[in-house]
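Here is the structure we will look at, set down as structure tokens.
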Amino acid sequence: MKYETVIGLEVHTQMKTRTKIFCACSTEFGRTANENTCPICLGMPGVLPVLNKRALELAVRACLATHCTINPLSRFDRKNYFYPDLPKGYQISQFSLPIGEYGHIDLPANGNSRRIGLRRIHMEEDAGKLIHGENLGQPDKSYVDFNRTGIPLIEIVSEPDLRSPEEARDYLNRLKSILQYAGVSDCDMEKGSLRCDANISLRPVGQKEFGIRTELKNLNSFKFVQKAIEIEVQRQTRILDQGDRVVQETRLYDADRNETFSMRSKEEAHDYRYFPEPDLVPVVVEATWLEEIRRSIPELPDQKRERFVRDYQIPEYDAEVLTSSRALADYYEQSVSLGAGAKTASNWIMGELLRELNNDERDIESCPVAPAALAEMVQLVENGTLSGKMAKTVFEEMYRTGKPAKQIVADQGLIQISDRTAIEKMIDEIIAANPGQTEEYRAGKVKLMAFFVGQTMKASKGKANPQIVNEVLKEKLG
Amino acid sequence: MHRITVLQAKEALRTKKISSVELTEAVYRRIGAVEPRVQAYVHLLRESALEQAKRADAKIAGGEDAPLLGIPLALKDLICLQGARTTCSSRILDNFVSPYDATVAARLKSAGAVIVGKTNMDEFAMGSSNETSWHHPTYNPWDLTRVPGGSSGGSAAAVAAHECCASLGSDTGGSIRQPAAFCGVTGLKPTYGRVSRFGLVAFASSLDQIGPITQTAADCAEILNVIAGHDPFDSTSARVEVPDFTRTLDRNLQGLTLGIPREYFTSGMDPEVERAVREAIAILEAQGMKKVEVSLPHTSYAVATYYILACAEASTNLSRYDGVKYGYRSDQSASLLEMYTNTREEGFGEEVKRRILLGTFVLSSGYYDAYYLKGQKVRTLIKNDFEEAGKRCDVILAPVSPVPAFKVGERIGDPLQMYLSDIFTISANLAGIPAMSIPCGFTRDTGLPVGLQIMGRHFDEATLMRVAHQFQLATDFHTRHPSL
Amino acid sequence: MSGFDIDNVALLARLRLEGAERERLGKDLETIIRYIDQLDQLDTARVEPTSHVIPIQNVLREDEETRPFASSDYLNMAPSEKRNHYEVPKII
């Protein structure tokens, strides 16, 4: 029996504000535990929340960037439950009137694109961090750090439109790119500024009704999201094949074992008792303000891609790769503005640069080769100083040592020999030294050209300009 | 000296007939004399109060002035005062020392006030008799076998017993007005949003307001001038201009219309209360006010509406008391769940638990529409009632309570009966309108004070206080003192 | 029957109710709920709910790290704390 996988993703991302959503505490990561707290975010008696304007603006940006409809009136609600990381015993969130609804993200797929719907985007406050006893103090205790409490979040809920683990990963990459581009969030899973839960169900191919779904939590990287979904699909497939029913539950992903396991089934079904937050007033984003926010959004991936194709005259494919992250696009544009040819720079970045970074599991933000350095090297190729092949060697050295191209070229004397006279001299000597092959070539064994090219390269220590070598050899050998 | 009003004290201080230190010492002597019987206070702040008084005297000597410079005031113990215990008369906050000032406290301090101490209340403002306080009850200075009213019982009793010149209370369903009426003093619940709630420990967020309890309407105006006004720390505080509330007190009442709501004068009222209130209305008519009858047709649904909404909000406002960050935590708890349930079981009194249960229930899955949402809709109807009536009159007059102060222990065993005694005060909170209670007579048999309620349009406290002040110019009920 | 399940509601509210108190509160709630049921008499189909009694909108704060509170040791107020963290019984 063939099943169709149905996936919906809930993404929580911290918005890039200086202060928390309802108080003026810093959002800076990495401070001493409980340093970024005040009576308001600690939920002391008598305190009241006041909404951070920037958080609202960034939430609206996220909605605009994903084509959501902004609700003309939006409101906060209390979500009630008890947990030590939740100081007030309720989270201020949005339930009935979220800031945005019914948007979409388009995923490029085989020349077309797949549209993934977004059901809603809403604002809420983050909770604190829990640390288990063994790591801090007594093993029979848990510990709470409230620095994270009150950091502004948006929750982005997709429709169950995703159909494979790979697609889920693509969606996350795309969403991350859009949010980074829009300046909404850093989307750094390691720092906790992006979290993802997945809802997965299977249904027989052709069936309209959705199957029973499980929720997966504790997915700490995009890679693990994909793997966890794969494992869960396998698990559900096994169950359905046996004729059993999938239990609706929350499961945690164990990355070490690459399996999911059920959270304690005794967990009470949460009754969040949502009701409108009486301490906050409604938010009305009227037309002029909305336009201001729209205009303040930095260029988004789609627009940038189109502009690259148009202004830099590079192929669609190149533009797609180069705009896959804002940082990479910036890198490209910087190197071009510093003198690198548009297509050459593109080739080098898509090729050598990304390969080195991938091997290292690094991202462009921590690339040891600055755009200026890349531009310098590319120009040496373009003006003939370096051959393409030599440049590859130089680039590897640049990446490894951080030295600029010109220095490496000087140190290793790698300047390409483009002096025709010098090459002619070299080739004369080679021809003289290899009479046999010369005669065979002239007799018709044209394959021997490779031999002569090789000899020339050897004699010139790889530095002879290949184009000139070919021309001169053809001239002299006839 | 302790019987001095705020206005009289201002004058005496300004003309250097007395000093703030003398006045404050006199207040503490009075407290020493009557507190054993009245028990209005829960913490006295003598050291810091005398410091404040000394500073005030220095300022006065230096020719400086401030609206409440050197005047001894008391704060209900759910108003946060930095460095002082703020217990809300609950075990669960018994050891809580506030690290910050409520906005009203900061404004009073800026105005030079001397904070004498924190007054007793019903636990978390839930009650109408001051009997649910975890510390001890407070007794009515007019008859020590009776309640002072609640939940601002301590604040009202302290003013009635002259243990301070004036105090601040809070009012969610009548908690300033009813104790003011029971204790024969003047109390004002401002329009919702007129006074900042930042630092007011929340009971019902959409209903709570802080207000002054004083000996006179003129004193009320002085204090409201200081505490009213938009606060950026309170999203629900209104951006409405704050007039000088003292400026229009002396205008006569010609041309003003008073409305008598027929639903507030049905049977069930103590006949002495009704008599005193009707006589007071007659006095105001004699002063030139026109009288019309109005109708507030949804009055009988107010108590039900109030208890649904107030308890729902309260149930979540009190979720933060979980033993994690501050306050009481139960000793014997093996698990997290036990820590929560034991702490809250032991930390809260029974009335608080009752309301938390009701509030949790009306918000719970399956019941939200029938109760909470329904309550919000009826609130709209009640609010509309007042808007309609306000088209035909400037103020609405009514009793504050169907009965005068009842005996200690008389009603505490019947929660619903206790709730029903709020019938006259509750609607003003639901509609968000300002409302005052002023002394308007005494019961003939028992000599207990009776309060007249004056309700008005949104943000029209000035008219309320003008009516009250003019009434107090023509009567002397507000000048009588209990014989302690 | 009001549908009021005291044990369920007490658990939601994290209150440990037992014995006489549990019975008393159960009875009280039944009485009170019967009383508030009277709202059913009103037809509110076309009435808008009131969430905020004074119409205010868009109260916002600039994204600046001001320090409105005097520096205070909030951790010291905790019933139990260790190494800069609030301590609670272990969470399973």
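All chains are named by letter (A, B, ...) in the order of the sequence lines, taking the proteins before the strands, and each is independently numbered beginning at 1. Scope of the values below: all heavy atoms of this structure, side chains included, with no hydrogens, waters or symmetry mates. Keep in mind that what you see is a predicted model, and the values were worked out from it rather than measured.
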- Message: Please classify the contact between B/Asp322 and chain A as side chain, backbone, both or neither, with a heavy-atom cut-off of under 4.5 Å.
- Response: side chain
- Message: Need one label for B/Thr360: side chain, backbone, both or neither, based on atoms under 4.5 Å from any heavy atom in chain A.
- Response: both
- Message: With heavy-atom distances below 4.5 Å as the criterion, would you say the side chains of B/Arg197 and A/Asp279 are in contact?
- Response: yes
- Item | A/Arg213, CZ: over 12 other non-hydrogen atoms inside 6.0 angstrom | no
- Task: Any chance you could lay out the side chain to side chain contact (heavy atoms under 4.5 Å, CB included) test for B/Leu363 and A/Tyr274, step after step, and finish with the verdict?
- Result: CA-CA 7 Å; B/Leu363 289 175; A/Tyr274 287 102; over 6 Å; no
- Query: Would you say the side chain of A/Phe275 lies within less than 4.5 Å of the side chain of B/Thr316, judging by non-hydrogen atoms?
  - Reply: yes
- Hey, are the side chains of A/Arg78 and B/Ser205 touching, using non-hydrogen atoms and a 4.5 Å cut-off? yes
- Note on the structure: Nearest heavy-atom contact between A/Val47 and B/Phe198 is CA-CE1, 3.9 Å
- Side chains of B/Tyr321 and A/Pro45 in contact at under 4.5 Å (non-hydrogen atoms): yes
- Ignoring hydrogens and angles, state whether a donor on the side chain of A/Arg273 or B/Ser364 is under 3.5 Å from an acceptor on the partner side chain. no
- What distance separates B/Lys325 NZ from A/Asn34 CG, expressed to the nearest 0.5 Å? 12.0 Å
- Query: Which region of B/Tyr326, side chain (C-beta onward) or backbone (N, CA, C, O), has a non-hydrogen atom less than 4.5 Å from a non-hydrogen atom of chain A, or is it both or neither?
  - Reply: side chain
- Message: Using heavy-atom distances under 4.5 Å, tell me whether B/Asp208 contacts chain A through its side chain, its backbone, both, or neither.
- Response: neither
- Task: Rounded to the nearest 0.5 Å, what's the gap from CD on A/Glu277 to OG1 on B/Thr236? Could you check?
- Result: 10.0 Å
- Task: Return the option, out of B/Ser206, B/Ala202, B/Ser315, B/Ser365, with the maximum number of heavy-atom pairs under 4.5 Å with chain A.
- Result: B/Ser365
- Any side-chain heavy-atom pair from B/Leu336 and A/Pro84 closer than 4.5 angstrom? yes
- Message: Just to verify, what does A/Glu28 make a salt bridge (charged side-chain N to carboxylate O under 4.0 Å, His left out) with, not counting sequence neighbours?
- Response: A/Arg31
- Atom OG in B/Ser319, atom CG in A/Leu86: separation rounded to 0.5 Å? 9.0 Å
- Item | Interface residue of largest heavy-atom contact number with chain B, from A/Pro39, A/Gly89, A/Pro87, under 4.5 Å | A/Pro87
- Task: Quick one: closest heavy-atom pair of A/Leu280 and B/Ser235, and the distance?
- Result: CD2-OG, 3.8 Å
- Message: Only heavy atoms, only distances under 4.5 angstrom. Which residues in residues 88-104 of chain B are near chain A?
- Response: B/Leu93, B/Phe96, B/Pro99, B/Tyr100
- Query: For atom NZ of B/Lys109, is the number of surrounding heavy atoms from other residues, nucleotides or ligands below 6.0 Å larger than 12?
  - Reply: yes
- CG of A/Leu48 to CG of B/Asp234: how many Å apart, nearest 0.5 Å? 5.0 Å
- Task: Please indicate whether A/Arg18 has more than 12 foreign heavy atoms, meaning atoms of other residues, nucleotides or ligands, lying under 6.0 Å from its CZ.
- Result: no
- Examine distances only and state if a side-chain atom of B/Arg320 and a backbone atom of A/Met44 form a donor-acceptor pair shorter than 3.5 Å. yes
- Most contact-rich option vs chain A, by heavy-atom pairs under 4.5 angstrom, among B/Leu337, B/Val324, B/Leu200, is B/Leu200
